[in-house]
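Quick one: the structure is below, questions incoming.
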Number of protein chains: 4
Amino acid sequence: MRSVKKESRREQILSCAARIFAKKGYHATSISDICKRSDVARGTIYLYFKNKRDIFDTLIKNFTGDIFRRISVFTPGEALQPQFNRNMCAVVDIITQNKDLTKIMVSEAVGLDAEFDHQLILFYARLVEYVEGALTMLQKNGDISKHVNVRLLAYALVGAIKEIAYQWALDGGNVLDMDPLIKTARQFNIQNFIAFTGES
Amino acid sequence: MRSVKKESRREQILSCAARIFAKKGYHATSISDICKRSDVARGTIYLYFKNKRDIFDTLIKNFTGDIFRRISVFTPGEALQPQFNRNMCAVVDIITQNKDLTKIMVSEAVGLDAEFDHQLILFYARLVEYVEGALTMLQKNGDISKHVNVRLLAYALVGAIKEIAYQWALDGGNVLDMDPLIKTARQFNIQNFIAFTGES
Amino acid sequence: MRSVKKESRREQILSCAARIFAKKGYHATSISDICKRSDVARGTIYLYFKNKRDIFDTLIKNFTGDIFRRISVFTPGEALQPQFNRNMCAVVDIITQNKDLTKIMVSEAVGLDAEFDHQLILFYARLVEYVEGALTMLQKNGDISKHVNVRLLAYALVGAIKEIAYQWALDGGNVLDMDPLIKTARQFNIQNFIAFTGES
Amino acid sequence: MRSVKKESRREQILSCAARIFAKKGYHATSISDICKRSDVARGTIYLYFKNKRDIFDTLIKNFTGDIFRRISVFTPGEALQPQFNRNMCAVVDIITQNKDLTKIMVSEAVGLDAEFDHQLILFYARLVEYVEGALTMLQKNGDISKHVNVRLLAYALVGAIKEIAYQWALDGGNVLDMDPLIKTARQFNIQNFIAFTGES
DNA sequence: CATGAATGAGGTTTCATTCAT
DNA sequence: AATGAATGAAACCTCATTCAT
């Protein structure tokens, strides 16, 4: 039972930290803020985390880990479109269920410091690589013109999703709700998207 | 002529600050760093700027101001496509000519604090509004299906450009160069892009 | 028998603490360190000792108590030299058998804080008093010139022993071993030592 | 003139710190204490010193530096006794003129931490080496029996001086005053001291 | 007796900003 | 206009001690 309690304390700190990081940003969030919100003493935080940065890293790692656990690599034989849609839906699912973490990932985490930037870059690089892989398969099949720059296309797709997630997570007067995106994700048509950057 | 000298001093501080902000991020950049690089005493900085934040704000304002000065609103009668392309080229021009500021805009500035987030949101909102306006015109003309969510489409386009600019500005082993984007910008075909999110 | 077990637990904590205090010093030694080494929970320590300082005080008191228990006051009739030598040997014995405590006494304990300094001063004062007493007896007997400052002489003797014990306890590459000192202690000749500070 | 002022500020901090370190010990002395006493703001301290430890190190280095600057190596041809006495007097001079630093050297500094202990050991090792060198010369000349352990003798001499300096610096009710020691230093007779540890 | 999770006072250090020169 | 020494608020983090189990 103790381990359960310990786990819950840790989780409690994490979720409160996520809320505040999302709201105020990493630097503007003080350990005090996290203490107050999670109703925990200063020292207690340091029983579960090495330092403020460790809390942040843990949040990001959990989130990115979730993303990659839910994305499945392409099965060569199977049709590409439904696989792609399944993965899109998975990502959109995780995003919509973790608004705080999404906000952190797309805004608070950016430009934190050189070391963290590196981690973030690796994450997106992996994501882009995944998309690029799928597009390359299509290009080989002749579904995409050989003149299309698939890497650029992959960045564009990831960027488009990031921006929409960002706007949604901002919560700025509910400018945007996620429903259209969710629908879009389910019906997403690669062929259409390919046309985006056109042929070069 | 004194004012010229003063202006140049101011410019000198600004460009040095831009370089360091781009490299280390807002928080990791100290006033000391800016002093050393611009070869100016600490107190002098405060003759030209209210505080550290003021330097940053000025940089951002200059950059976003440049962007909007170069974008021209649509002339109703004229064909949409060439107008759109001219604007795209203008934006890409500014981006490629100000790598430091681009980096700051797309990464250091994000998640800085609640107040700044607001400014950034306004900037992108204005950009999105511009794009949305253009798309709406097309939709009215019947060029775009009435089922397309033009706002979502606008976010997607802005996000795609942001991500590509971000990757380029990161300078991470020169993964990306701007040339293809520049070309794409010149040949950008709205009709193709519309297909992106498909019909909903 | 419970008391035996309790006693052994107490002793266990004490000896582990002595080892760590000797190695790392009072301030650098944390309660955690003592817990880990003595395989006892944090709270348990506070069943046997009031606080960290109490552990330290106990160690010092045990050591200084041992010293004084083994030193016998001078029997007036008996010859001074053999009595002095017996006491010297006793002290050297305790020192050589408790390297950790010796280290603590001569280095970690010094300058701990104002209150503890007082205790330490009292201990050395008592030691010096003992030596001074012996020397005074000799002086009265006419064995020492009346011009000799016996208190200074006493300090010198105690200081000499302390320094040698300190160097031995430091363990720095075994610069020194205790054997010569032990031999010297057995053959120590007061008359010779008297010459140390000379006549004033 | 500025450099003079700066130097004086530094000196001011150093002397105040010495006073407090001597009184309360290194760990019990807080940066706040030093600020209050030297009437300087917290941050100012860090303009002149890297951290608290740096202040302490500087004090110790100044003191030990002074000692070695005032000790002159033996000139082979010249008589040993007057040279030895001159050096003794020099050391006693520095000690008597820097009570705070003496207290720090002989008590606060001992057992501070492993790294500092090393520095202290090196200092005393150098001092002992100096004394040992002198004694060895005498031993070669046949002035000291070949059976005498000169290293032990050297430790004893250094220890005796340390202890006397310690007792003097403690200030505990003026138990001791330095005058006798100063006199002794001037008249110090090596030949007499040699008898201290006797022959082994 | 024993535990170890929780506490929170208190320390060091940083750095944007000021102001006398 | 320019300087840079001085400031002090505010942050992070440690660790001796407590107390419910």
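Per chain, numbering begins at 1; letters A, B, ... match sequence-line order.
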Subject >> 4.5 Å side-chain heavy-atom contact, C/Tyr46 and C/Ile31 >> reply: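 Contact flag for C/Tyr46/C/Ile31 side chains = yes.
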What's touching nucleotides 16-19 of chain E from the protein side, N or O pairs under 3.5 Å?
| unit_1 | atom_1 | unit_2 | atom_2 | d |
| --- | --- | --- | --- | --- |
| E/dA16 | OP1 | B/Lys52 | NZ | 3.4 |
| E/dA16 | OP2 | B/Ile31 | N | 2.9 |
| E/dT17 | OP2 | B/Tyr46 | OH | 3.1 |
| E/dT17 | OP2 | B/Lys52 | N | 2.9 |
| E/dT17 | O4 | B/Arg42 | NE | 3.3 |

Original post:
Quick one: is the NZ or CZ of C/Lys162 closer than 6.0 Å to the six-membered ring centre of C/Tyr124, and within 45° of its axis?
Top reply: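 So C/Lys162 does make the cation-pi contact.
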Original post:
Please give, in whole Å, the distance from F/dT14 C1' to A/Leu47 CG?
Top reply: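 After rounding, the reported distance stands at 11 Å.
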**OP:** Measure from OH on D/Tyr48 to P on E/dT13 and round the result to the nearest Å.
**Re:**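 Taking OH of D/Tyr48 and P of E/dT13, I get 18 Å after rounding.
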Subject >> Passing option when B/Asp33 is tested against B/Lys52, B/Arg19, B/Lys24 for salt bridge (Lys or Arg N to Asp or Glu O under 4.0 Å) >> reply: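 Filter result, single survivor: B/Lys24.
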Subject >> d(CD1, D/Ile34; P, E/dT12) in whole Å >> reply: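 Roughly 8 Å, once rounded to whole Å.
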Original post:
Which value, in whole Å, describes the distance between the C1' atoms of nucleotides F/dT21 and E/dC1?
Top reply: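 One C1' to the other, the span is 13 Å.
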**OP:** Using whole Å, report how far CZ of B/Phe49 lies from C1' of F/dA2.
**Re:**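 To the nearest whole Å, that distance equals 16 Å.
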Original post:
Side-chain N or O of A/Arg9 less than 4.0 angstrom from OP1 or OP2 on E/dA5?
Top reply: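 The answer is no; no side-chain N or O of A/Arg9 sits under 4.0 Å from OP1 or OP2.
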Original post:
Taking a pair as Watson-Crick or G-U wobble with both distances under 3.5 Å, which nucleotide is matched to F/dT18?
Top reply: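 The answer is E/dA5, by the H-bond criterion.
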**OP:** Mind calculating the distance between CZ (B/Arg10) and P (F/dA1) to the nearest angstrom?
**Re:**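 Taking CZ of B/Arg10 and P of F/dA1, I get 13 Å after rounding.
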Subject >> B/Leu112 and B/His27, any side-chain heavy atoms less than 4.5 Å apart >> reply: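 Yes, their side chains come closer than 4.5 Å.
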Subject >> Whether A/Phe56 and A/Tyr26 hold their rings parallel, tilted or perpendicular, with breakpoints at 30° and 60° >> reply: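 Answer is perpendicular, since the angle exceeds 60°.
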Original post:
How close do D/Ala17 and D/Ile34 get, heavy atom to heavy atom, and via which atoms?
Top reply: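 Of all heavy-atom pairs spanning D/Ala17 and D/Ile34, the closest is CB-CD1, 4.0 Å.
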**OP:** Rounded off to whole Å, could you give me the CD1-to-P distance for the D/Ile45 and F/dT7 pair?
**Re:**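 From D/Ile45 CD1 to F/dT7 P: 10 Å.
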Subject >> Base partner of E/dG11, which must satisfy Watson-Crick or wobble distances under 3.5 Å >> reply: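 Pairing partner: F/dC12.
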**OP:** Send over the distance from C/Phe21 CZ to F/dA16 C1', rounded to a whole Å.
**Re:**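 The distance from CZ of C/Phe21 to C1' of F/dA16 comes to 12 Å, rounded to the nearest Å.
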**OP:** Send over the distance from D/Asp39 CG to F/dG8 C1', rounded to a whole Å.
**Re:**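 These atoms are roughly 14 Å apart.
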**OP:** Could you pick out which residue, A/Val40 or C/Ala41, lies toward the 5' side of DNA chain E when each is mapped onto its nearest nucleotide?
**Re:**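 Comparing both residues, the 5'-ward one is C/Ala41.
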Original post:
Do B/Lys61 and B/Gln119 have side-chain heavy atoms sitting under 4.5 Å apart?
Top reply: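 Yes - at least one pair of side-chain heavy atoms lies under 4.5 Å apart.
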